Amino acid sequence: MPELPEVETSRRGIEPHLLGRRIEQLEVREPRLRWPVPPDTAERVAGQRILALRRRGKYLLCDLAQGVLMLHLGMSGSLRVLPTRTAPGAHDHIDLHLSDGQCLRFRDPRRFGMLQWTAAPAEAHPLLRALGPEPLEPAFSGAYLHQRARGRRASIKTFIMDSHVVVGVGNIYANEALHLARIHPNRAAGRISGARLAVLVRAIRDVLAAAIAQGGTSLRDFVREDGKPGYFAQSLRVYGRAGQPCPRCGGHIHQRRIGQRSSFYCAACQR
DNA sequence: CCGGACGCCTGTCGGC
DNA sequence: TGCCGACAGGCGTCCG
């Protein structure tokens with residue numbers, strides 16, 4: 001599921017339920033995620049107050065009095081806030097029981113997600129240290145992308161999906177942003193002008209901001225903390241629309257694999 | 001350093 | 001109806 005808009009939607013949804021609450025207990029029913037949940041995680045966080053809930057790329061960072069609880073939703077993860085007594089389903093792997101009788105429940109059918117405690121600052125964690133800039137912040141500029149793209153022969157789509165270049169852009173929004181910017185997804189990153197990369201930066205910002213405003217995209221697994229879907233799926237211009245007409249020029253939307261990922265584009269207006 | 005392929009998992013869908 | 005392969009929103013690791 002979750003690209004930046006879905007993680008940010010989750011963050012905003014759960015934040016009011018977590019802030020200032022104490023962690024009564026961390027219940028791990030299934031520790032076998034992308035990386036196994038370390039056995040001492042529950043005792044590291046038990047009794048601690050939640051001071052802040054932040055997002056870095058697709059990671060959620062829960063600041064505690066001691067250290068930080070890191071959470072990644074992987075491909076199929078979602079978070080719900082529920083009464084603690086609610087019976088868990090088959091893929092409800094983790095419950096964070098809160099001091100007010102609610103719990104934060106992590107569901108992840110494919111188990112590509114992660115949960116682990118780390119000492120502050122979380123930014124020093126090996127998985128976060130080398131991440132690129134946040135796409136909605138000023139450091140992600142046309143000049144930055146142009147400089148990073150210099151000499152790179154990888155396709156622009158693969159390039160913007162690389163979290164070391166810019167965080168948060170996954171397969172859906174890479175396709176959408178490239179369509180908005182009229183750039184063919186298979187064009188070599190290093191062979192695109194600075195002016196066009198500046199347009200792409202704006203397109204990435206616009207599509208992510210619009211998706212956040214709609215509560216993200218729900219295709220399969222993603223739901224908000226209250227169980228409702230996000231509504232951006234209806235705004236998708238090319239993703240999942242192979243064979244349909246391009247909303248800009250009426251051309252044919254193609255689908256092909258680029259970098260092992262399904263890619264959608266209009267060959268008429270994306271160059 | 002770079003680019004491409006490969007796993008890790010489960011669920012679903014289309015074709016035969 | 002059942003089986004089987006392909007595919008699905010991520011990403012670290014390995015290899016050439």
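Lettering follows sequence order; numbering is per chain, from 1. Note that the coordinates shown come from a computational prediction; the quantities given were computed from them, not determined experimentally.
- Spacing between atom CE of Met114(A) and atom P of dT13(C) amounts to 11 Å, rounded to whole angstrom units.
- Of all nucleotides listed (dG3(B), dA8(C), dG10(C)), dG10(C) comes nearest to the side chain of His72(A).
- Of the candidates dG3(B), dA5(B), dT10(B), dG3(B) carries the atom nearest the Ala154(A) side chain, counting heavy atoms from C-beta on.
- With distances taken from any side-chain atom of Arg257(A) to the nucleotides dG12(C), dA8(C), dG11(B), the minimum falls on dA8(C).
- Centroid-to-centroid, the aromatic rings of His184(A) and Tyr265(A) come within less than 6.0 Å.
- Annotation for Arg32(A): atom CZ does not count as buried by contact number, only 12 or fewer foreign heavy atoms lying within 6.0 Å.
- Residue-level contact check: Thr158(A) touches neither bases nor backbone, having no heavy atom under 4.0 Å from any strand.
- Here the CD-CZ distance, from Gln116(A) to Arg44(A), works out to 11.5 Å after rounding to the nearest 0.5 Å.
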Please step through salt bridge (charged side-chain N to carboxylate O under 4.0 Å, His left out) for the pair Arg55(A) and Glu134(A), ending with a clear verdict.
-> CA-CA 10 Å; Arg55(A) 180 188 55 72; Glu134(A) 288 287 331; 2.9 Å; yes
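- Remark: His91(A) is in phosphate contact with dG11(B), judged by side-chain N or O atoms under 4.0 Å from OP1 or OP2.
- His125(A) has its NE2 atom 13 Å from the C1' atom of dG12(C), to the nearest Å.
- Taking atom NE2 of residue His93(A) and atom C1' of nucleotide dC9(B), one finds them 9 Å apart after rounding to whole Å.
- Between Arg187(A) atom CZ and dG3(B) atom P the separation is 16 Å, expressed in whole Å.
- Atom CZ of Arg261(A) is separated from atom P of dA6(C) by 18 Å (rounded to the nearest Å).
- Asn186(A) places no side-chain N or O within donor-acceptor distance of the main-chain N or O of Ser155(A), the cut-off being under 3.5 Å.
- Here Arg29(A) does not pair with Asp92(A) in a salt bridge; the nearest charged N to carboxylate O distance is not below 4.0 Å.
- When each of dG10(C), dG12(C), dG4(B) is scored by its nearest atom to the side-chain atoms of Tyr59(A), the top-ranked nucleotide is dG12(C).
- Nucleic acid contact for Arg153(A): sugar-phosphate only, since backbone atoms but no base atoms lie under 4.0 Å from a heavy atom of the residue.
- Heavy atoms of Tyr173(A) sit nowhere under 4.0 angstrom from any nucleic acid atom.
- Across dC11(C), dG4(B), dC7(C), the shortest atom-to-atom separation from the side chain of Lys58(A) is found for dC11(C).
- Here dG10(C) presents its P atom at 14 Å from CZ of Arg55(A), a figure rounded to the nearest Å.
- The pairing partner recorded for dC6(B) is dG12(C), the criterion being a Watson-Crick or G-U wobble arrangement whose two distances lie under 3.5 angstrom.
- Side-chain atoms of Trp35(A) lie closest to dG12(C) of the nucleotides dG12(C), dC2(B), dA8(C).
- Straight-line distance from the CG atom of Asn175(A) to the P atom of dA8(C): 11 Å, rounded to whole Å.
- The side chain of Pro2(A) sits closest to dG10(C) out of dG12(C), dT10(B), dG10(C).
- Closest contact between the side chain of Arg110(A) and the listed nucleotides dC9(B), dC11(C), dA5(B) involves dC9(B).
- For Phe112(A), the side-chain atoms get nearest to dC8(B) when compared with the rest of dC8(B), dG4(B), dA8(C).
- Listed nucleotides: dC11(C), dG12(C), dT10(B). Nearest to the side chain of Arg111(A): dT10(B).
- Taking side-chain N and O atoms only, Ser76(A) has no distance below 4.0 Å to OP1 or OP2 of dC9(B).
- As a whole-Å value, the separation of Gln255(A) CD from dG14(B) C1' is 14 Å.
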